Asker: 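First the structure, then my questions, so here it is.
Throughout, protein chains are lettered first and strands after them, A, B, ... in sequence-line order, and every chain is numbered starting at 1. This is a predicted model, so every value here is computed, not measured.
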Amino acid sequence: MDDQTRMMTGLTGLGGLAQADVGDPDSVRKQQSLGQPQQDIGDILQQIMAITDESLDEAQARKHALNCHRMKPALFSVLCEIKEKTVLSIRGVQEEDPPDPQIMRLDNMLLAEGVSGPEKGGGSAAAAAAAAAAGGSPTDSSIEHSDYRAKLAQIRQIYHSELEKYEQACSEFTNHVMNLLREQSRTRPISPKEIERMVAIIHRKFSSIQMQLKQSTCEAVMILRSRFLDARRKRRNFNKQATEVLNEYFYSHLSNPYPSEEAKEELAKKCGITVSQVSNWFGNKRIRYKKNIGKFQEEANLYAVKTAVDAANVSAQASQANSPATPNSGTTRSISSTHIGFPFLLTSFSSYV
DNA sequence: ACGGATGATTGGAT
DNA sequence: ATCCAATCATCCGT
């Protein structure tokens with residue numbers, strides 16, 4: 001405000017001086033009454049138009065003269081100051097916004113997935129694949145895993161090369177703009193602060209591109225995850241021994257095929273699967289058995305005989321070692337129960353035994 | 001390629 | 001929280 005008024009008076013003062021140089025005092029007074037600023041502008045415009053008629057050499061000479069004028073630095077600094085103030089008053093509020101939460105989320109996810117973190121993929125995935133191929137214990141999951149790792153490494157590589165490309169383009173463009181502005185700052189008032197601001201604007205633009213890259217990378221990782229790590233997709237049948245153990249328990253507890261938490265844990269341990277897998281198995285088994293008992297009759301008999309034989313062996317060993325005390329009466333029950341049909345609906349059946 | 005088998009998930013009921 | 005029932009997605013023998 002204060003500066004601006006000072007500038008205005010200064011400019012009119014200059015204008016007045018110029019006029020005084022040119023003509024007589026009378027005309028000056030007349031122009032002042034008409035409105036001097038308009039006249040000045042008209043003059044300036046005329047001068048600008050005249051430049052286009054000048055030869056290149058003349059224009060260069062004029063430019064040089066202007067650059068060498070002793071008042072030029074002072075004038076430029078004043079103009080820069082005014083510009084700075086105007087810009088700040090227009091949009092000085094939204095400076096230095098905090099880091100975008102969205103981009104932070106994306107960064108965190110990429111870091112967690114090992115895409116943007118320190119280098120650790122690549123070779124190790126190949127090593128895992130080699131180890132799986134070489135032998136040892138080439139479980140299915142490790143093969144799946146190495147496949148997943150390889151795909152992840154691919155995404156990671158694309159991400160990094162794209163990121164590098166963007167960064168390079170960004171710095172190139174920034175340099176270009178900075179050079180351009182520095183060059184132009186010789187002929188028009190551009191403060192270093194303004195250049196800084198321009199650079200910040202460029203960086204913001206490029207970071208929005210970067211966010212798009214991060215977002216699409218995240219999407220790719222999510223798709224990969226859902227393809228490879230979704231348990232349902234890479235379902236493997238349990239091995240024969242595990243199925244046998246589970247079936248044995250199921251058919252020998254046909255009257256009440258609901259293993260307790262402890263029983264589930266033990267079965268899980270025996271079968272090398274999780275407790276929830278045991279629960280799933282029993283859930284599926286119960287419903288499927290109930291739906292079609294006839295179909296499972298053969299299986300039921302098989303396991304009933306099997307447990308009977310096992311029990312006989314155990315009791316034989318026991319009688320060998322100790323006295324022939326109590327033979328497992330449960331075996332006879334399980335054989336008979338398979339013929340009942342809907343055994344585990346008879347909840348009080350166990351009271352017979 | 002196809003269909004049944006099978007492990008996992010989902011939604012509702014208790 | 002657990003179970004049932006339906007359903008999905010994959011496996012696997014033919």
Side-chain angles (χ1 to χ4, degrees), chain A residues 109 112-113 125 128-129 131-133 135-152 154-155 218-307 310 330 333-334 337-353:
Chain A
M109 194 198 140
E113 295 299 333
S137 58
T139 53
D140 294 339
S141 67
S142 84
I143 290 168
E144 292 277 329
H145 200 65
S146 77
D147 203 4
Y148 170 77
R149 292 284 293 268
K151 285 274 196 320
L152 193 65
Q154 207 178 327
I155 288 175
C218 277
E219 271 168 31
V221 171
M222 292 311 279
I223 289 165
L224 185 70
R225 275 181 80 89
S226 68
R227 253 212 88 53
F228 278 87
L229 298 187
D230 183 0
R232 196 145 77 165
R233 288 186 184 277
K234 54 150 199 175
R235 183 179 71 75
R236 287 284 115 97
N237 291 356
F238 299 153
N239 61 42
K240 216 171 172 186
Q241 190 234 329
T243 318
E244 233 162 79
V245 169
L246 292 167
N247 271 319
E248 250 168 60
Y249 188 97
F250 180 79
Y251 288 111
S252 64
H253 297 74
L254 206 50
S255 61
N256 187 33
Y258 296 88
S260 65
E261 194 58 35
E262 296 83 59
K264 278 182 193 172
E265 272 168 33
E266 200 182 320
L267 284 167
K269 213 165 151 190
K270 263 194 208 168
C271 301
I273 58 178
T274 67
V275 173
S276 61
Q277 279 179 308
V278 173
S279 297
N280 283 339
W281 189 91
F282 273 89
N284 283 322
K285 191 72 184 181
R286 282 191 299 263
I287 194 74
R288 283 164 186 164
Y289 180 83
K290 200 182 89 174
K291 262 187 174 174
N292 193 351
I293 296 165
K295 198 175 75 184
F296 288 93
Q297 198 57 242
E298 204 180 322
E299 190 180 65
N301 287 331
L302 192 89
Y303 279 99
V305 169
K306 203 170 154 59
T307 48
D310 286 354
R333 174 180 61 76
S334 69
S337 68
T338 57
H339 298 291
I340 289 172
F342 247 115
F344 55 79
L345 291 183
L346 305 170
T347 47
S348 61
F349 184 73
S350 55
S351 63
Y352 289 127
V353 187

Asker: When the distance from CZ of A/R236 to P of C/dA9 is rounded to whole Å, what number comes out?
Answerer: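 The distance from CZ of A/R236 to P of C/dA9 comes to 17 Å, rounded to the nearest Å.
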
Asker: Expressed as a whole number of angstroms, how long is the span from A/R286:CZ to C/dA6:P?
Answerer: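 Answer to the nearest Å: 15 Å.
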
Asker: Is there a side-chain contact between A/P259 and A/F282 in this structure, where contact means two heavy atoms from C-beta onward sitting under 4.5 Å apart?
Answerer: yes

Asker: Given B/dG4, is OP1 or OP2 found less than 4.0 Å from the side-chain N or O atoms of A/K295?
Answerer: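 Negative; the distance criterion is not met.
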
Asker: I need the NZ-P distance between A/K291 and B/dG4, as an integer number of Å.
Answerer: 14 Å

Asker: Specify the separation, in whole Å, of atom OH of A/Y289 and atom C1' of C/dC3.
Answerer: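 Whole-Å distance recorded here is 19 Å.
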
Asker: Go through the steps for A/Y251 and A/E299 under the test side chain to side chain donor-acceptor pair (under 3.5 Å), then give the verdict.
Answerer: CA-CA 9 Å; A/Y251 288 111; A/E299 190 180 65; 2.5 Å; yes

Asker: Are OP1 or OP2 of C/dC4 and a side-chain N or O of A/Y258 less than 4.0 angstrom apart?
Answerer: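 Yes, such a contact exists.
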
Asker: What integer distance in Å separates A/F296:CZ from B/dT6:C1'?
Answerer: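 Taking atom C1' of B/dT6 as the reference, CZ of A/F296 is at 10 Å.
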
Asker: So do the side chains of A/K270 and A/L246 get within less than 4.5 Å of each other, counting heavy atoms only?
Answerer: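 Side chain of A/K270 against side chain of A/L246, heavy atoms only: no contact under 4.5 Å found.
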
Asker: With a 4.5 Å limit on heavy-atom distance, are the side chains of A/E265 and A/V278 in contact?
Answerer: no

Asker: Give the rounded distance in Å between these two atoms: CG of A/N292 and C1' of C/dA5.
Answerer: 16 Å

Asker: I'd like to know if A/N284 reaches the base of B/dA8 with its side chain, counting only an N/O donor and acceptor under 3.5 Å.
Answerer: yes

Asker: How long is the line joining CZ of A/F282 and P of C/dA5, in whole Å?
Answerer: 17 Å

Asker: So, OP1 or OP2 of B/dG7: does either fall under 4.0 Å of a side-chain N or O from A/K285?
Answerer: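 Negative; the distance criterion is not met.
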
Asker: Could you pick out which residue, A/E261 or A/N237, lies toward the 5' side of DNA chain C when each is mapped onto its nearest nucleotide?
Answerer: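 In this pair, the answer is A/E261.
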
Asker: Rounded to the Å, how far apart are A/R288 CZ and C/dA6 C1'?
Answerer: 10 Å

Asker: Write down the atom of A/K264, the atom of A/V275, and the distance for their closest heavy-atom approach.
Answerer: CB-CG1, 4.0 Å

Asker: Does a side-chain N or O of A/Q277 approach OP1 or OP2 of B/dA8 to a distance below 4.0 Å, or not?
Answerer: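 Looking at the OP1 and OP2 atoms of B/dA8, one of them is under 4.0 Å from a side-chain N or O of A/Q277.
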
Asker: Using a cut-off of less than 4.0 Å, is there contact between a side-chain N or O of A/N280 and OP1 or OP2 of B/dA8?
Answerer: yes

Asker: Taking only side-chain nitrogens and oxygens of A/K264, does any of them come within less than 4.0 Å of OP1 or OP2 of C/dC3?
Answerer: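 The answer is yes; a side-chain N or O of A/K264 sits under 4.0 Å from OP1 or OP2.
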
